[in-house]
Asks: 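Once you've had a glance at the structure underneath, I'll fire off some questions.
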Amino acid sequence: MIEFKNISKHYQLKGQTLRALDQINLQIPTGSIFGIIGYSGAGKSTLIRLINLLERPNAGQVIIHQKDFTALNARELRQERAHIGMIFQHFNLLQTKTVAANIEMPMKLLGWNKAEREKRLNELLEFIDLKHKKDAYPDELSGGQKQRVGIARALANHPKILLCDEATSALDPQTTKSVLELLKKINREQGITIVMVTHEMDVIESVCDYVAVMEQGKVIETGSTLEIFSQPQHPTTKSFIQTVLQQQLPINILNNLENQNQHSIYCLKFLGKSAQETVIQAVIKQFDISLNILFANMTEIDGAVIGQMFIQLLGDASVIQQALEFLQANGVEVEQSGVQA
Ligand SMILES: Nc1ncnc2c1ncn2[C@@H]1O[C@H](COP(=O)(O)OP(=O)(O)OP(=O)(O)O)[C@@H](O)[C@H]1O
Ligand SMILES: [Mg+2]
């Protein structure tokens with residue numbers, strides 16, 4: 001487990017104190033893919049850089065696998081750091097070195113001999129599927145290929161932890177997907193704990209087991225990805241989720257409605273697909289109102305389906321009220337819906 005205990009980090013700027021991290025308490029389970037999301041300036045990079053103490057906190061402890069990293073001396077810290085890999089948004093490859101030389105760099109720094117380096121290099125090139133680019137230079141590679149080289153370099157010394165700061169932010173959606181798949185494979189096959197900083201909720205959705213949401217140097221919400229998606233509490237978390245799940249009814253659907261009374265439109269949120277079908281059928285059967293399904297979508301997280309459905313309810317106001325109460329009593333979250341402009 002990676003544990004942040006009461007971590008604070010301040011910067012002095014023009015005589016003012018900037019609280020980049022403010023009393024952070026967070027636990028990252030070993031073997032998980034843990035996402036840290038937040039808007040620009042929230043403190044994500046500062047937090048991830050504290051894990052290998054590239055930044056030192058002003059207060060608090062960083063405890064990794066029961067060892068207090070903040071109490072290590074320089075030599076001990078160097079040894080521990082060698083088991084933590086890091087990849088970056090802009091890859092940070094040496095432009096004047098070949099793919100092979102970039103990947104071998106950390107092995108050289110650790111004093112491995114040529115035979116050991118060759119062996120590990122070939123394993124890694126195989127793993128990232130770039131054997132044919134061994135002698136190429138970084139500017140001859142695509143963004144996705146560069147990030148694969150960055151990943152191979154980070155894995156060279158068999159790390160236990162891999163830190164990723166916006167590792168896919170410079171990549172197009174298709175390439176992002178393949179890099180995320182590679183990271184997932186590293187986590188599942190090698191049991192490496194991955195900490196992933198991002199500002200994209202779909203990155204969290206597609207690979208993270210847990211997520212922490214940051215704002216102004218604080219962790220405002222944390223939990224399993226499924227919990228956060230199904231029951232977000234904080235407005236900032238909700239706005240991140242909005243970027244993945246369509247939260248408003250598309251305007252063209254509204255325009256095509258016969259009765260355009262917006263007060264008759266509701267957004268329902270469900271956990272589980274079968275739950276959704278059963279409860280809707282029950283409403284139609286039990287209440288003398290017309291229920292019109294306008295739009296539905298769903299997303300799958302950890303095998304669980306989170307569904308969202310926009311419906312129009314027309315009929316007697318008190319019966320509609322009863323139907324809404326029935327839905328809520330059956331675990332469906334109900335909101336009167338806005339319309340997307
Ligand atoms: N070396 C530094 N000196 C002064 N202020 C800093 C320093 N590093 C970070 N900060 C400030 O700390 C706050 C948090 O920065 P940080 O880089 O951690 O944010 P972030 O969440 O990673 O943002 P982004 O999404 O833009 O990368 C910001 O207000 C930033 O300006
Ligand atoms: Mg950052």
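Atoms within a ligand are numbered from 1 in the order they appear, just like the ligands themselves. Being a predicted model, the structure only gives us computed values, none of them experimental. Computation of the quantities below employed the complete heavy-atom set of this structure, encompassing side-chain atoms and omitting hydrogens, waters and symmetry-equivalent molecules.
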Asks: Are any of the N/O atoms on A20, whether in the backbone or the side chain, positioned under 3.5 angstrom from an N/O atom of ligand 1?
Replies: no
Asks: Tell me, please, if S45 has any N/O/S atom, main chain or side chain, under 2.8 Å from the Mg ion (ligand 2)?
Replies: yes
Asks: Could you tell me the residue and atom name of the protein heavy atom closest to atom 3 (N) of ligand 1, and the distance to it rounded to 0.1 Å?
Replies: Y11 CD2, 3.4 Å
Asks: Among all protein non-hydrogen atoms, which one is nearest to atom 26 (O) of ligand 1, and what is the separation to 0.1 Å?
Replies: S40 OG, 2.5 Å
Asks: Examine distances only and state if a side-chain atom of T30 and a backbone atom of M1 form a donor-acceptor pair shorter than 3.5 Å.
Replies: yes
Asks: Please identify which atoms of ligand 1 are closer than 4.0 Å to at least one heavy atom of S45.
Replies: 17 (O), 18 (O), 20 (P), 22 (O), 27 (O)
Asks: Of all the non-hydrogen atoms in the protein, which one sits nearest to atom 15 (O) of ligand 1, and at what distance?
Replies: T46 OG1, 3.7 Å
Asks: Is the side chain of N157 donor-acceptor paired with the backbone N or O of P159 at a distance under 3.5 Å, no angle test?
Replies: no
Asks: Do E116 and K119 meet the salt-bridge criterion of a basic N to acidic O distance under 4.0 Å?
Replies: no
Asks: Dump the intermediate steps for side chain to side chain contact (heavy atoms under 4.5 Å, CB included) on L72 and K67, then the final yes or no.
Replies: CA-CA 9 Å; L72 299 179; K67 201 175 272 181; 4.2 Å; yes
Asks: Between E221 (side chain) and Q233 (backbone), is there a donor-acceptor pair under 3.5 Å?
Replies: yes
Asks: In terms of ring plane angle, is the pair F310 and F295 parallel, tilted or perpendicular, where the classes change at 30° and 60°?
Replies: tilted
Asks: What part of V197, side chain from CB on, backbone N/CA/C/O, both or neither, has a heavy atom under 4.0 Å from ligand 1?
Replies: neither
Asks: Among all protein heavy atoms in this structure, tell me which lies nearest to atom 25 (O) of ligand 1, with the distance rounded to 0.1 Å.
Replies: K44 NZ, 2.7 Å
Asks: For N52, does its backbone N or O pair with a side-chain atom of R81 as donor and acceptor, under 3.5 Å?
Replies: yes
Asks: Are G43 and ligand 1 in contact, using a heavy-atom cut-off of under 4.0 Å?
Replies: yes
Asks: What is the closest protein heavy atom to atom 31 (O) of ligand 1, and at what distance does it sit?
Replies: L18 CD1, 4.7 Å
Asks: In the protein, what heavy atom is nearest to atom 23 (O) of ligand 1, and what distance, to one decimal place, separates them?
Replies: G41 N, 2.8 Å
Asks: Can you give me the closest heavy-atom contact between I289 and G315, atom names plus distance?
Replies: CG2-CA, 4.2 Å
